[in-house]
Amino acid sequence: MREIYLSGYSNFIIPFMIGMIFVLSWCAIGAVRIILQLPADDRKKFFLSLINPRIMLKNIRDWFCDCLFHVKLWKRNKLLGYMHSSIAFGWFMIIVIGHIEVFLYTPERMHQVWYPIFFRYFVAVTENTMKGSFFFFLMDFFLLVILSGIVLAIVKRIRSRFFGMRRTTRASITDLIGLYSLWSIFPLRLLAEGFTADISGGSFLTKSLNTVLHSFLSDQMNMLPTWWAYSIALCIFMCILPFSRYMHIPAEILLIPLRNAGIKVRHARKGIAKLQVYSCPGCGVCIDACPMSAVKANIKDTTVYLNRQIKRYNERRIEEISDKCLLCGKCTAVCPVGVEGDKMRIAQRSLRKYNLAPSYANIDENILISRCNKFVNTSNTNVTSSKNQKVIYFSGCMTALTPAISKATTSLLQKSGISYEIMDKDGGICCGRPMMTAGRIEQAEEMIAKNTAIIKASGADTLLLSCPICYKIFKERYDLEGIEILHHTEFFDRLINEGRLSVNKEDKKYAYHDPCELGRGCGIYDQPRNIVNMAGKLVEGEKNRKESICCGGSLGSLTLSFEKRKALTENALNNLRIASPDTIVTACPLCRSTFNRYSDIPVKDIAEILDEATMKRKR
Amino acid sequence: MSIFGFRISPSSAMNLDTIDRSRFEELCRIEPDAARCMSCGACSATCPASEFSGMSVRKVLLCLQRGKEEEAFRMMNNCMLCGKCTMVCPRGINTRHLILSICRIYDKEDKR
Amino acid sequence: MIYQGKQKIWSDYQKEIPDDHWFYVRSCIRQNFFPGSERMMMEICRNVLGKDFYETEHHTTCGGIAYHCDTIPQETAMTIVARQFALMTEAGYENYVASCITSFGNYTEILETWHEFPELEAKIREMLWKACRKEFNKPKYLAHSSDLIYKYRNDIAEKARFRLVDKENGEPLRVVEHIGCHYSKMFPSKGVGGAEYPYVLAGMIESWGGNVIDYPERRHCCGYGFRQYHVKANRGYSLSNTHKKFESMEPYKPDMIITNCPGCPYFLDRWQYVIAEMEGKTYGQNGYGIPVLTYEEVAGLVLGYDPWDLGLQLHQVAVEPLLDKIGIEYCAEDKYKGLNRKDIMRPGLPENLKCF
Amino acid sequence: MKEIVVIIGGGIAGLEAATQLLKLGYSPIIIEKNDRLGGHVARWNRLFPDMTPAKDIVDDLIASSKDANIFLNTEISFVNRLKDSYNVMLSNGISINSRFILYTTGFRLFEAQKKEEYGYGVYNQVLTNADLENWFNTDKDKRISGKDIRKIGFVHCVGSRDEKARNSQCSKVCCITAIKQAIEMKEKFPESEVFCFYMDLRLFGKKFEDFYTKAQRDHGIHFIRGRVSEVSENINGQVIVKAEDTLAGKPLKVTLDLLVLMSGMVCNPDSTKAASMLHLPIDSDGFLQSSDNVFHITSSPRKGIYYAGACTGPKTVPETLAEARSAVLDIHSEITAGKK
């Protein structure tokens, strides 16, 4: 390899350098700003994580898996995964190999940033070595990989159904510019390298192209315009990058270590929230995932559009989108980059200014305590009480409207001989989760404090919950040291395993619906399935577990009207009907009453079927 | 002025001629369903806050329409936004958002 | 206001009132509040119109206030009333006329109750016999004394020296009529013109040249209400009701108020002073109040009696502007001269309400 | 010879019965005391819930029953009962022998002036539902036309469910009529505020609840649960309405530019008169008494005498029409049973 130009410089690198400097400084300033915007304790946490080798290792793994290989996408959709990883990883490899080449052949040029990018222009091949051919091959190979990805991208652009995506985002104008410039970079590179392949050398792709080109274009002067075009395409892409969805490429690099450091969304627009917005690649996976998309009118209210509107500071739309959401968390679960759509929306809601603020200071918790500190001693001789467990059962507001659940739960408690007390049989204070989802954190905290005082004063050692909405906030926000917080599915599963409840399997098919707050919200998937399997035959809906579809009754949505929820519920029901179950089983009072409204199949809570299945034994 | 030991007591009647309903109308623009309440009282019966502050969405709506705003605010003070009222409303009124909207539109201090 | 509509209602509520031979019973409180009124009633009926009116010093209260204040049971009130009827029977009269609205309401209520429950009447007859060995016939006709003045209104108008018109321009005076609640609100058919738009005072005003004004709170109570005024804690409520009436009639600029109840003129009159002192507000023209007169006083005025003989100096609100407007001559110096020119002393004048 | 059926009353029930009888090949005779057919419905403008023009319905009925013998301006002088038929003597001297008499004598609107406290006929700005329909039809009413109407009140249950007005029955249609008229007024005066004072809202019929919802949400009509206790007039000629808002538990007053009284349906004295000629029983509410109120609502206890429509109690238009058809079918079955 020898250099052709002494200066190692040509004017066509100017556009590239402009783009490069622009995008790098933009990203650097952005990264600094985001880190500065983090609350002080979060910032400290972040820096500490960077020197923690375990986290750092995880960061590296995530960088590779998420940014380059798009493992999550692969898992979801092979074609889509290939398309993304081919471009990302291919490009990455071209850059890396380019640098290696520079390092190997012209180490004195390492400081010239553009050199590895336009390497083929500046050098001429002097000898054919195995090593050289290998690199030429690698370069051409990865270029081919990228080009194949781009072909797929073009196909996807024209026919997204081909990729199994029912709906995709509508690109904004900057996105389109970014897209077309990205598409043009690699064909232009191929063309440029093709023109110079006879001088600089090349492999199967560039060399063959060179031959083809030479067959009708004898003049090598054609090569300069193509290198110019290549550089300009790079410049356009890099300049438009911060304003297009391709910002997700640099943003995700920062998001990964921040997420691994355990930093949560605390402000709606600053710090990690801002980073999440920019990390959104606008892929539109959340559109198909969103339960609201069952109604076409709701498509524009999905997370990808929320991020776009936040970027545009369109406050009216931000409010609409964030208030409409059911907060089922499915978009978060499927997001390839880890944008937390539900948390982002709660954060947006918390920005809202209210003139009237409720306060619970006037509520005398002593009255409530006195109602729930007399534990019922069940004397069931069939079961031997292993430990002197005191369970306080908080049935919750929604269960008050589905008494079948609380009745079955208490019946099961009695059957297993547990000493229990119902915390809110004569009414009580809401768990605070609905208030929290409305973004009124302060009020929710006040309720949490009241309930904490009541539970602590009751003398219980276990807090049993029927409602996943309550369960989530009790798990996440309550500080109940020494008191175990259990959802009834966990609790009953444990009782069955301990042999305190013996279940008679019934010849029935049960389709289990994962409530959003219990499944995606708290990660409880297996215990309910164990119970259902004990009580009968478990069948799954088409989408289940992490992919389960919200029943549509969620309290998370503030603005979705009653009549507009019907279609969502019916969509969720169709998903469960797929295995033609005898009964739909869920573990949430709200899901139960929502489904019951429109279902032609009986809908029951897991406690109910368990209560039935344990009843037979006694006869 | 002489002191008699008694005074002219203000009228307890709600005078619709003098009540300013502009904020209620604003509320109805945001929440058209606010006008659809048929005062069945299901919300009041199920409300966990009614025990503490006498909360009742029905009464709140009525008070706002009849210029008894203070009374409405007093009732709303213990609302926990739990959504039971939304669940039981036969007219399908989105009471939770309604309450949030009231909290935004109305102001204790601002006496229009 | 559609006058024909009211006329139609009035024609539905016509009450039969005999022309002559009445047994007259006075009111407990009117003689203290407006001492000229009942005297003027006798004067007009006996001397001016030449009717036969009998009264006896043996009659007592009807028990109405005690009954309405829940201090005596209705049987007691009935026995008292039965005794009054016995006095009438003994005197040989069949037509019974009461000066007091509450009495009139009380009599009406008792007669109606007896009509519905004859056994109660028998019981009362027995009780009266045990108590004072008297027997009675129920009056053939029962009237309030305003019913009689209403009946004689045209005779009075013929003999009148003055009419209720502004002497300057001949415009009829704007007159507010206020009917005592117990007159016909309980038994609309027993009052002249029913309960909603009673004609009894309106008829007098029309005959004597005035114009009745119909203001929104026309039906509203004067505010007296036995249980309200008599308890000091409730007195503000009593005042508030009067205040409400005045606020309502104010835009119509009334020249005078005519009443037919013992309590109403008193409260409408005196509370104007209280309101003026509390709020600084007066309802008449130029800082005066609106004169409140009883129908007998008005009858006396139009017949040309001396205002001070009618007892108008005992009103809180100055009547002089009204007298001037009608053109009734009076001697300002004689205002506080009583019978036989005896000085009855000048009262202290209020701060905000213009008086003489 | 064609069987003759005497129909007393040329309202929609009479016309519909005549139409059906003609179709079955009988000879109906309609006796109408007024100079026109169509009864109350002919005076109405539009009918709930489809806003059908009342004129269309009446015109259709008149057209389809034109082959019947119709006596306008005619009353019944007397009716004699013969062995198995009736002799009907008309005021115009004609005598008819018939085995069947169908009473379609209808109702009478409660005379709103009887509720003196509401001031109908005393205050300028108080009118009835019938006056309002008349205005919709003719656009002539000096109380409304050309006036600046900003606040309108509707009083439900005027003369209905009112022992004092001697009508304890619910007139059934006033709630929905009030809502219909409230919406119509709101459409005519979009800037106005409309208040409905009700005791209970009885919206039992098909689509009625939709009307209510529409009135609440789309038209912003205020519903106040409380019976108007008194009405007075202020110096500008507006009416001041007082009621208790029973839901708030507070007295309430409002000044209105127009007050519409929803006069209810009361028994028609003419139908009572016509019934007394044959000693037909009268119910406690003053309406004609059917054999029973579940199965034989159109039958009288007397052979050959049938009822249809509001003569037996307040009815909606579709109910009235259905009863007319049902009564005709009863008559038809009796005739055909006799022939066998």
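What you see is a predicted model, and the numbers here were worked out from it, not measured in a lab. Below, chains carry the letters A, B, ... as their sequence lines are ordered, and counting in each starts from 1.
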If you count the non-hydrogen atoms of other residues, nucleotides and ligands that lie under 6.0 Å from [atom1] in [X], is the total more than 12?
X: D/K55; atom1: NZ; result: no
X: C/F226; atom1: CZ; result: yes
X: D/R36; atom1: CZ; result: yes
X: C/K167; atom1: NZ; result: yes
X: C/H115; atom1: NE2; result: no
X: D/E163; atom1: CD; result: no
X: C/E119; atom1: CD; result: yes

Quick check on the structure: residues of residues 254-264 of chain C within a heavy-atom distance below 4.5 Å of chain D, by number.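 Counting heavy atoms that sit under 4.5 Å from chain D, no residue of residues 254-264 of chain C is involved.
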Heavy atoms under 4.5 Å from chain D: which residues of residues 208-219 of chain C carry them?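 Contacts with chain D: C/D214, C/Y215, C/P216, C/E217, C/R219.
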As an exercise, state the distance from [atom1] of [X] to [atom2] of [Y], rounded to the nearest 0.5 Å.
X: C/S248; Y: D/N234; atom1: OG; atom2: CG; value: 8.5 Å
X: D/I235; Y: C/E250; atom1: CD1; atom2: CD; value: 10.0 Å
X: D/Q113; Y: C/I9; atom1: CD; atom2: CD1; value: 8.5 Å
X: D/R143; Y: C/I2; atom1: CZ; atom2: CD1; value: 7.0 Å

Look only at the side chain of D/E233 and the backbone of C/M1, and say whether a donor-acceptor pair between them is shorter than 3.5 Å.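 Side chain of D/E233 to backbone of C/M1: a pair is present.
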Checking heavy atoms, do the side chain of D/V126, its backbone, both or neither come under 4.5 Å from chain C?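 Neither part; nothing is under 4.5 Å.
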Pick one of side chain, backbone, both or neither for D/K242, based on which atoms fall under 4.5 Å of a heavy atom in chain C.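 The side chain, not the backbone.
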Distance-only donor-acceptor check, side chains C/E196 and D/Y118, under 3.5 Å: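 No - no donor-acceptor pair under 3.5 Å links their side chains.
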Check the pair D/V122, C/Y197 against side-chain contact (heavy atoms from CB on, under 4.5 Å), reporting the backbone distance first and the verdict last. CA-CA 10 Å; D/V122 176; C/Y197 312 95; 3.9 Å; yes
